[in-house]
Amino acid sequence: MFEDNKKSNAITIKDIAVALHLSTATVSRALRDSYQISIETKTRVKEYAEQHNYAPNLIAQSLRLHKSKSIGVLLCSIPNHFFSQVISGIESAAIVNNYHVIITQSHESIDREKQNLQFLSKRNVDGFLVSISTETNTYDHFKEIIDKNIPIVFFDRIAEINNTHKVRSRNLEAAYEATKHLIANGFKK
């Protein structure tokens, strides 16, 4: 179970600074292990932070750094075996790079796709991985994101928009090669 985290009980960098008679900048640098701060001060700050269950405010960091360390994924349907494997690959790559993944499903609805895109956009994701819904026949909602210089990579089902990255599979060619291989090896069924 998750602990009940009440905002009033959360300790901040400012609280640590006041308690240790340091500036907030010094506390911040100490927590980030800056070379500018003495080992003694770093130790004091880190011990105090640990004793008082300090956790950085990810929203504040996101606003300050203009990075959320999260990737928005828009899919049509997760039960699809292909997408379950895609999700596994995305999460593996994200974990290695200290990113989080937020996954949404359109259930083949362009309206739901637009809602999901807006939801993820408001959470300041650093980029999008998208397989468009079968209903998607206009791309204005994606163009708005591109105009904000937020990267989008389309895969599987591709939106034909310039200035985006696309990952395509060659299903027809792969099926042809597989069939040719089976015939060449004498399979008849």
**Student:** Report whether I13 and Y48 are members of the same hydrophobic cluster (ILVMFWY, side-chain heavy atoms less than 4.5 Å apart, transitive linking).
**Tutor:**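 They do share one cluster, since a chain of ILVMFWY contacts under 4.5 Å joins I13 to Y48.
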**Student:** With hydrophobic residues grouped by side-chain heavy-atom distances under 4.5 Å, do V153 and V86 end up in a single group?
**Tutor:**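 V153 clusters together with V86.
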**Student:** In Å and rounded to the nearest 0.5 Å, what is the CG to NZ distance from N124 to K69?
**Tutor:**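 NZ of K69 is found 15.0 Å from CG of N124.
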**Student:** Using residues 90-97 as the side-chain source, report each donor-acceptor pair under 3.5 Å to any protein atom, sequence neighbours left out, with the distance given to one decimal.
**Tutor:**
from, atom 1, to, atom 2, distance (Å)
S92, OG, S88, O, 3.0
N97, ND2, A93, O, 2.8

**Student:** Enter the distance from F142:CZ to I161:CD1 here, rounded to the nearest 0.5 Å.
**Tutor:** 6.5 Å
**Student:** Less than 4.5 Å apart, side chain to side chain, heavy atoms only: is that true for S121 and E144?
**Tutor:**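 Counting from C-beta outward, S121 and E144 never come under 4.5 Å.
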**Student:** What pairs with E40 under side-chain contact (heavy atoms from CB on, under 4.5 Å), at least two apart in sequence or on another chain?
**Tutor:**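 Partners of E40 by the side-chain contact (heavy atoms from CB on, under 4.5 Å) criterion, ordered by chain and then number, come out as S38.
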**Student:** Could you measure the distance from the CG atom of D140 to the CD1 atom of I145? Nearest 0.5 Å is fine.
**Tutor:** 12.0 Å
**Student:** What is the ring orientation for F155 with F82, classed by angle as parallel under 30°, tilted 30 to 60°, or perpendicular over 60°?
**Tutor:** tilted
**Student:** More than 12 non-hydrogen atoms from neighbouring residues, nucleotides or ligands closer than 6.0 Å to CD on E50, yes or no?
**Tutor:**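 12 or below, so no.
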**Student:** Could you walk me through whether T26 and I37 satisfy the side-chain contact (heavy atoms from CB on, under 4.5 Å) test, starting with their C-alpha distance in whole Å, then the side-chain angles of each, then the deciding distance to 0.1 Å, before giving a yes or no?
**Tutor:** CA-CA 7 Å; T26 299; I37 306 300; 3.9 Å; yes
**Student:** Please test I132 against Y139 for side-chain contact (heavy atoms from CB on, under 4.5 Å), starting from the C-alpha separation and ending with a verdict.
**Tutor:** CA-CA 10 Å; I132 62 174; Y139 307 123; 4.1 Å; yes
**Student:** Answer whether the closest heavy-atom distance between the side chains of V45 and L31 falls below 4.5 Å.
**Tutor:** yes
**Student:** Which heavy atom of Y99 sits nearest a heavy atom of S70, and at what distance?
**Tutor:**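 Y99 and S70 have their closest heavy atoms at CD2-N, 3.5 Å.
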**Student:** Can you tell if the side chain of T41 reaches within under 4.5 Å of the side chain of R29, non-hydrogen atoms only?
**Tutor:**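 Answer no - side chains too far apart.
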**Student:** When you measure from the side chain of T43 to the backbone N and O of I39, does any donor-acceptor pair fall under 3.5 Å?
**Tutor:**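 Flag set: sc T43 to bb I39 pair under 3.5 Å.
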**Student:** Donor-acceptor check, side chain of D126 to backbone of I71, threshold 3.5 angstrom: yes or no?
**Tutor:** no
**Student:** What heavy-atom pair brings I150 and G127 nearest, and what distance separates the two atoms?
**Tutor:**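 Scanning both residues completely, I find the closest heavy atoms to be CG2-CA, 4.0 Å.
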**Student:** Does a sphere of radius 6.0 Å around NZ in K166 hold more than 12 heavy atoms from other residues, nucleotides or ligands, not counting ones at 6.0 Å or beyond?
**Tutor:**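 Buried by this count: over 12 neighbours within 6.0 Å.
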**Student:** Which atoms form the tightest heavy-atom contact between H141 and L117, and what is the distance?
**Tutor:**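 Answer, listing the atom of H141 first, then L117: O-CD2, 3.2 Å.
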**Student:** Using the rule that two of Ile, Leu, Val, Met, Phe, Trp, Tyr join whenever any of their side-chain heavy atoms come within less than 4.5 Å, decide whether I102 and I152 are in one cluster.
**Tutor:**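 Yes, I102 and I152 fall within the same hydrophobic cluster.
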**Student:** Would you call E108-R157 a salt bridge at under 4.0 Å N-O?
**Tutor:**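 So E108 pairs with R157 through a salt bridge.
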**Student:** Would you say the side-chain atoms of K42 pair up with the backbone N or O of S34, donor to acceptor, closer than 3.5 Å?
**Tutor:**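 Such a contact is found between K42 side chain and S34 backbone.
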**Student:** Are L129 and L74 joined in one hydrophobic group, where the rule is that I, L, V, M, F, W and Y side chains link up if heavy atoms are under 4.5 Å apart?
**Tutor:**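 Different clusters.
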**Student:** Do you know which of V18, T12, L20 makes side-chain contact (heavy atoms from CB on, under 4.5 Å) with I16?
**Tutor:**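 Among V18, T12, L20, the one that satisfies the side-chain contact (heavy atoms from CB on, under 4.5 Å) with I16 is L20.
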**Student:** State, with a plain yes or no, whether a side-chain heavy atom of D156 is found less than 4.5 Å away from one of F83.
**Tutor:**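 The answer is yes, as the side chains (C-beta and beyond) meet within the 4.5 Å cut-off.
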**Student:** Tell me whether F119 shares a hydrophobic cluster with V73, the cluster being built from Ile, Leu, Val, Met, Phe, Trp, Tyr side chains joined at under 4.5 Å.
**Tutor:** no
**Student:** For residues S133 and S106, report the shortest heavy-atom separation together with the two atoms involved.
**Tutor:** CB-OG, 3.5 Å
**Student:** Roughly how far apart are R44 CZ and L22 CG, rounded to 0.5 Å?
**Tutor:**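 Answer rounded to 0.5 Å: 5.0 Å.
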**Student:** Is it true that, when you exclude Y176 itself, more than 12 heavy atoms of the residues, nucleotides or ligands shown sit nearer than 6.0 Å to its OH?
**Tutor:**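 Result for OH/Y176: open.
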**Student:** Write down the atom of I110, the atom of T138, and the distance for their closest heavy-atom approach.
**Tutor:** CD1-OG1, 4.1 Å
**Student:** So does Q115 have more than 12 non-hydrogen atoms from other groups sitting under 6.0 Å from CD?
**Tutor:** yes
**Student:** Look only at the side chain of Q105 and the backbone of I78, and say whether a donor-acceptor pair between them is shorter than 3.5 Å.
**Tutor:** yes
**Student:** Write down the atom of T136, the atom of E113, and the distance for their closest heavy-atom approach.
**Tutor:** OG1-OE1, 2.7 Å
**Student:** Nearest 0.5 Å, what's the NE2-SG distance between H107 and C76?
**Tutor:**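 One finds 9.5 Å between NE2 of H107 and SG of C76.
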